[in-house]
Amino acid sequence: MTFPSKPTPPTSIAQLMTRVDAIAGLTLGELAAHYHFKTPKDLLKDKGWIGQLIEWVLGASAGSRPEPDFPELGIELKTIPISYTGKPLETTYVSVTPLINLQNATWQNSVVKKKLNHVLWLPILSERDIRPDQRIIGSGFLWQPTALQEAQLRQDWEELTEMIALGEIDKINGKYGQVMQIRPKAANAKALTNAIGPNGSIIQTLPRGYYLKTHFTQAILSQQFGL
DNA sequence: GGATGATCATAC
DNA sequence: GTATGATCATCC
């Protein structure tokens, strides 16, 4: 029995996009079977399965290093679950939210800006009533923030970072931000990390992450597909 | 139905 | 705990 080995990292954007185009229209089950990748019955305990499968197939660097998925190309891969009508079903995780040592933090050197500089979006028809292996891969495309989109992201980042720096992290909830929000990003509610508290003290709080709101990613999909 | 808060697996 | 990959579960 023969089966494909792990794809090598793409050496050019054109090669990467050729691979992306080649898997459009396939189900995740077909792709997983081809690469002898496990296929869970549901994503309850495999929430990262889709992303990890796609990473493997496209030749993204494995591991949990804080680098873009395609370091040579400077491209970050994001799968995005969409509904039957093509709308995002979930927010999109961007990065951990830094909660301390913010005195020299700027939008320009922020991890959010770096992460979103160049993204390969890959929509997956991923309604919950479709089994994971029956979900269908859509047309992936490259995106870089427009001037307006970057301005929106920057505004949110600056507002939220200022609140954190002023010791107001525990005042922040998912309602803050026009296009990007801060929500918990932790193993469970008992996980704690350092943050700036009242009067500049150090407090313990739930680790947070930056997430793109669905109306923002929906706009990206609309600009691409003209919905 | 959609958004916010909570959580799961894994590597190190 | 932090970082990777996110979706689940609940509340409005």
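Note on naming: letters A, B, ... go to the chains in the order of the sequence lines (proteins, then strands), and numbering restarts at 1 for each one.
Figure legend: cation-pi geometry between A:Lys113 and A:Trp157 absent, as NZ or CZ is not positioned both under 6.0 Å from the six-membered ring centre and within 45° of its axis.
Between A:Lys47 and A:Ala191, the residue anchored closer to the 5' end of DNA chain C is A:Ala191, taking for each the nucleotide with the nearest heavy atom. If you find the closest nucleotide of DNA chain B to A:Tyr211 and to A:Gln52, the one lying nearer the 5' end belongs to A:Tyr211. In terms of position along DNA chain B, the nucleotide closest to A:Glu90 lies nearer the 5' end than the nucleotide closest to the other residue of the pair A:Glu90 and A:Asp46.
The distance between atom CG of A:Asp170 and atom C1' of B:dG5, rounded to the nearest whole Å, is 14 Å. Rounded to an integer number of Å, the gap from A:Ile182 CD1 to B:dA3 P is 18 Å. In this structure, the CD atom of A:Glu55 is 15 Å from the P atom of B:dT10, given to the nearest Å. A:Asn188 has its CG atom 15 Å from the P atom of C:dA9, to the nearest Å. Note: CG (A:Leu160) to P (B:dT4) measures 12 Å, nearest angstrom. Look at CZ on A:Phe37: it is 13 Å from P on C:dG5, rounded to the nearest Å. Between A:Gln181 atom CD and B:dT4 atom P there is a gap of 5 Å when expressed in whole angstrom units. For the pair A:Leu28 CG and C:dT7 C1', the computed distance is 14 Å after rounding to whole Å.
Nucleic acid contact class of A:Glu76 (heavy atoms, under 4.0 Å, all strands): sugar-phosphate only. Counting non-hydrogen atoms under 4.0 angstrom, A:Lys185 reaches a base of the nucleic acid. Counting non-hydrogen atoms under 4.0 angstrom, A:Ala186 reaches a base of the nucleic acid. The residue A:Asn173 sits close only to the backbone: its heavy atoms come under 4.0 Å of sugar-phosphate atoms, none of a base. Within the 4.0 angstrom heavy-atom criterion, no nucleotide atom of any strand lies near A:Lys38. Contact annotation for A:Lys190: no contact, since no heavy-atom pair falls under 4.0 Å across all strands. Counting non-hydrogen atoms under 4.0 angstrom, A:Leu192 reaches the backbone sugars and phosphates but no base. A:Thr214 comes within 4.0 angstrom of the backbone, heavy atoms only, and of no base. Residue A:Gly48 is classed as a base contact, given a heavy-atom separation below 4.0 Å to a base. Here A:Tyr176 lies out of heavy-atom contact (under 4.0 Å) with every strand.
Distances shown here put every side-chain N or O of A:Lys78 at or beyond 4.0 Å from the OP1 or OP2 atom of C:dT4. For the OP1/OP2 pair of B:dA9 and a distance below 4.0 Å, the side-chain nitrogens and oxygens of A:Lys45 include at least one atom meeting the criterion. Between C:dC8 and A:Arg128, a contact under 4.0 Å exists linking OP1 or OP2 to a side-chain N or O. Close to C:dA6, at under 4.0 Å from its OP1 or OP2, lies a side-chain N or O of A:Thr79.
The existence of a salt bridge linking A:Lys78 and A:Glu55 is excluded, since no basic side-chain nitrogen approaches an acidic carboxylate oxygen closer than 4.0 Å. Salt bridge present: A:Arg208 and A:Asp170 bring a charged side-chain N and a carboxylate O closer than 4.0 Å. Electrostatic pairing of A:Asp46 and A:Lys38 counts as a salt bridge here, judged by a charged N lying under 4.0 Å from a carboxylate O.
Hydrophobic clustering (side-chain heavy atoms under 4.5 Å, transitive across Ile, Leu, Val, Met, Phe, Trp, Tyr) groups A:Met17 together with A:Val57.
Side-chain atoms of A:Asp21 and A:Thr18 form no donor-acceptor pair, as typed in the model, at a separation below 3.5 Å.
When distances run from any side-chain atom of A:Lys213 to the nucleotides B:dT4, C:dT7, C:dG5, the shortest one goes to B:dT4. For A:Ala189, taking side-chain heavy atoms from C-beta onward, the closest of the listed nucleotides B:dT7, C:dT4, C:dC8 is B:dT7. Distance from the side chain of A:Leu44 is smallest for C:dA9 among the nucleotides C:dT4, B:dA6, C:dA9. For A:Arg183, taking side-chain heavy atoms from C-beta onward, the closest of the listed nucleotides B:dG2, C:dT4, B:dA6 is B:dA6.
If you run side-chain hydrogen bond (donor to acceptor under 3.5 Å, both in side chains) between A:Trp143 and each of A:His118, A:Gln149, A:Gln224, A:Glu76, only A:Gln149 comes through.
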